[in-house]
Amino acid sequence: MNEPENITVGDAAQRARYCAKQAQDFQESVEAFRLGNLSVTTERGYSPSRIAELDWTVDDMARARDEMISLANMWANVAGALHLVEGEKP
């Protein structure tokens, strides 16, 4: 069995920042992808099924963004809890 990892407040805060940055990157990608799809599908006259495939890709990217936001919130909560626990130590 794996040994539990000792996480510090700084570690948790760093992970929260990393996840928040990843979520922001996903958001920017989603926006760029949506704009790109709109122009490409209009110009090239893609079939409705191809447009649906592209929309699913955007939806997957948006779900990944939402997961990263959840992880960022989780790590921020861990950092907050560790700060409280560490603050109570003598």
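Atom CZ of residue Phe33 and atom CG of residue Leu54 lie 5.5 Å apart, to the nearest 0.5 angstrom. Atom CE of Met68 and atom CE of Met74 lie 10.0 Å apart (nearest 0.5 Å). Rounding to the nearest 0.5 Å places CD of Gln22 at 14.0 Å from CZ of Arg65.
Within 6.0 Å of the CD atom in Gln14, the count of heavy atoms belonging to other residues, nucleotides or ligands does not exceed 12.
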Exercise. Let me see the working for Met61 and Thr57 under side-chain contact (heavy atoms from CB on, under 4.5 Å), right down to the final yes or no.
Key: CA-CA 6 Å; Met61 292 168 68; Thr57 300; 4.3 Å; yes

Self-check item: From CA spacing to verdict: side-chain contact (heavy atoms from CB on, under 4.5 Å), Lys21, Arg17
Solution: CA-CA 6 Å; Lys21 173 70 172 114; Arg17 284 190 300 273; over 6 Å; no

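Scanning both residues, Cys19 and Trp75, for their nearest heavy atoms gives SG-CD1, 4.2 Å. The two residues Ala16 and Ala76 come nearest to each other via the heavy atoms CB-N, 3.6 Å. Across all non-hydrogen atoms, the minimal contact from Ala79 to Ala13 is CB-N, 3.9 Å. Shown here for Val9 and His83, the closest heavy-atom pair between the two residues is CG2-N, 3.4 Å.
Put simply, Val58 and Phe26 are part of two different groups of oily side chains (I, L, V, M, F, W, Y) that touch within less than 4.5 Å, one to the next. The cluster map of Ile, Leu, Val, Met, Phe, Trp and Tyr, joined by side-chain heavy atoms under 4.5 Å apart, puts Val78 and Ile69 in different clusters. In this structure, Val30 is not a member of the same hydrophobic cluster as Leu71, with clusters built from ILVMFWY side-chain heavy atoms closer than 4.5 Å.
A salt bridge is defined here as a Lys NZ or Arg NE, NH1 or NH2 lying under 4.0 Å from an Asp or Glu carboxylate O, and Asp60 with Arg63 meets this definition. Ion pairing of Asp11 with Arg15 is absent here, as no side-chain N (NZ or NE/NH1/NH2) approaches a carboxylate O to less than 4.0 Å.
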